[in-house]
Student: 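Please see the structure below; I have some questions.
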2 protein chains.
Amino acid sequence: MRNLLANIKIKVDEKVYLKNPDTSEKGRHIVEQSILLIDELGLESFTFKKLAEKIGTTEATIYRYFESKHMLLSYLISWYWSWLEYRLVFATNNIRSAEERLKIAIGILSGKVELDMNFAHVDEVALQKIVVAESAKVYLTKEVDDNNREGFFYSYKRFCKRVADIVREINPAYKFPASLVSTVAETAHYQKFFSLHLPSLTNISDNKESQLVEFLTEMVFKTIGK
Amino acid sequence: MRNLLANIKIKVDEKVYLKNPDTSEKGRHIVEQSILLIDELGLESFTFKKLAEKIGTTEATIYRYFESKHMLLSYLISWYWSWLEYRLVFATNNIRSAEERLKIAIGILSGKVELDMNFAHVDEVALQKIVVAESAKVYLTKEVDDNNREGFFYSYKRFCKRVADIVREINPAYKFPASLVSTVAETAHYQKFFSLHLPSLTNISDNKESQLVEFLTEMVFKTIGK
DNA sequence: CATAAAGCTATAGTATTACTATCGTTATTA
DNA sequence: TAATAACGATAGTAATACTATAGCTTTATG
């Protein structure tokens, strides 16, 4: 698997970077270290200056790849969703049963990170923590409509559409497939967050991913009536 | 109703302000205008300086009420959840059927703002838009555990507990009442947001609140098995 | 192999933000 | 009337999120 994936690149939409970081050593280094630093400091305390120091370069260099901290975060999150999509396609390939495919999708959304499916310069576990804690900030801004037009949310929307299509396959009469899928995606994130930080808002214990899968699977299948 | 409410104050936990803005004209003015300005500019572009200019005072005065912009936002959101709780208690009073009470709770969470239940210095419609677009930022920070200990999320947790208790009443065997309720609360917000800004992620049309209620009601009742 | 172009480093500078501090004036209350 | 709380005016600071520019390397191309 590792060998196979070594030749695969996760494609991220052009609008979320100025210069593709995947085309140079420096660029990959920026991505790699930004994931670790955002995870460590949180988005608010993370700055390009600190990142530049960490990787032994200057702010100017980073600005050549990403227009702003917001754009860098968008890049990371787009990368994440493209990666999930790739894993979804891979994991559901040749599986006939739509129910089974939906279960796989829920598992992936709930955050089972398989260690054999990783990329050299990306710490997927840290990246997932960033997605859980920071991704809402990418769209909860006054610039959301501009960013949407520019394609910042393409990967996320594509992933959701794929899963919604499975829901439609199972029950074509169900009226809210897109809403249900985006609900599962968002819920997976903040239920994880709540289990760590606001436990009274959830029944999922810290690190009990199976409970999250059970909660979501039950909710989805009962809702679509299967 | 208006007369009755004129004598009722929404109580907000002490830790989310330095000086209770509800005890002075200036304080109420700060709250009133901050709601309008955050709604207009978004949290990122909102500053105490701009707010001070708008209400004809100085930053120093605002800092006497709220330690920071983050604390002011926490105050507004706490106020919102206390207000929702008040409305929930009022609307479900004397209703025997737990199913009926749960439906009312979903309606309130979905954002039916009743105009006869308002408070002079609070524009509840603008406040709800703030809650939809900004409330996740209150807890998605590295300081969440400290803030939680200080009681920043009391109102939200209390509201959710109340609704979760209704779920337990309907089906004591259901394993995830707290998760389901926080899911409904969060879902109500971003499905609204998606319908306005990322419509491909939802099946709810802009301004069709009834669709949101239908989506959530169906999901909840099928999930808890009623 | 020369040369241009691309990419990177280093440095400097700016407007704004999110505060903190101080002090004199005004309003309230005892 | 005296005390005290609240407010306004002004000043200042460290950090942030950039922008600009100039010179130096590395890489690609002819």
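Here is the naming used below: chain letters follow the sequence lines, and residue numbers restart at 1 for every chain.
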Student: Taking B:Lys137 first and then B:Glu44, would you say they form a salt bridge - that is, a charged N and a carboxylate O separated by under 4.0 Å?
Tutor: yes

Student: Would you mind telling me which of D:dT19, C:dA18, C:dG7 lies closest to the side-chain atoms of B:Thr47?
Tutor: C:dA18

Student: D:dC7, D:dA20, D:dA9: which one has an atom nearest the side-chain heavy atoms of A:Ala60?
Tutor: D:dA20

Student: Where the side chain of B:Lys50 is concerned, which of D:dA9, C:dT17, D:dC7 is the nearest nucleotide?
Tutor: C:dT17

Student: Could you state the CZ-P distance from B:Arg28 to D:dA6, rounded to the nearest angstrom?
Tutor: 14 Å

Student: Does A:Thr57 make a side-chain N or O approach to OP1 or OP2 of C:dT9 shorter than 4.0 Å?
Tutor: yes

Student: Just how far, in rounded Å, is C1' of D:dA20 from CD1 of A:Ile62?
Tutor: 17 Å

Student: How many Å lie between CZ on B:Phe66 and C1' on C:dA18, as a whole number?
Tutor: 16 Å

Student: For A:Ile55 and C:dA10, give me the distance from atom CD1 to atom P, rounded to whole Å.
Tutor: 12 Å

Student: May I ask you to decide if A:Phe46's main-chain N or O and A:Lys69's side chain share a donor-acceptor pair within less than 3.5 Å?
Tutor: yes

Student: Starting from C1' on D:dC18, measure out to CE on A:Met71 and report it in whole angstrom.
Tutor: 14 Å

Student: How do A:Glu59 and A:Tyr65 order along DNA chain C: which one's closest nucleotide is nearer the 5' end?
Tutor: A:Tyr65

Student: Check every atom of D:dT19, C:dG7, D:dT10 against the side chain of A:Lys19 and return the nucleotide holding the closest atom.
Tutor: C:dG7

Student: Would you mind telling me which residue lines up with the more 5' stretch of DNA chain D, A:Glu44 or A:Arg64, judged by nearest nucleotide?
Tutor: A:Glu44

Student: In whole angstroms, how far is the P atom of D:dT26 from the NZ atom of A:Lys26?
Tutor: 11 Å

Student: Nearest to the side chain of B:Thr61, which nucleotide is it out of D:dC7, D:dT19, C:dA18?
Tutor: D:dC7

Student: Do A:Phe193 and A:His197 have ring centres separated by under 6.0 Å?
Tutor: yes

Student: So that I can tick it off, tell me whether A:Arg149 and A:Asp146 are bridged by a salt bridge, with the cut-off set at under 4.0 angstrom between side-chain N and carboxylate O.
Tutor: yes

Student: Round to a whole Å and report the spacing from CG of B:Leu37 to P of C:dT17.
Tutor: 12 Å

Student: When all nucleic acid strands are considered with a 4.0 Å heavy-atom cut-off, which category describes A:Lys49: base, sugar-phosphate, or nothing?
Tutor: nothing

Student: Provide, to the nearest angstrom, the distance between the NZ atom belonging to B:Lys69 and the C1' atom belonging to C:dT20.
Tutor: 18 Å

Student: Checking all strands, does A:Tyr63 fall into the base, sugar-phosphate, or nothing category for heavy-atom contacts under 4.0 angstrom?
Tutor: base

Student: Looking only at the side chains, is there a donor atom on one of A:Thr61 and A:Thr57 sitting less than 3.5 Å from an acceptor on the other?
Tutor: yes

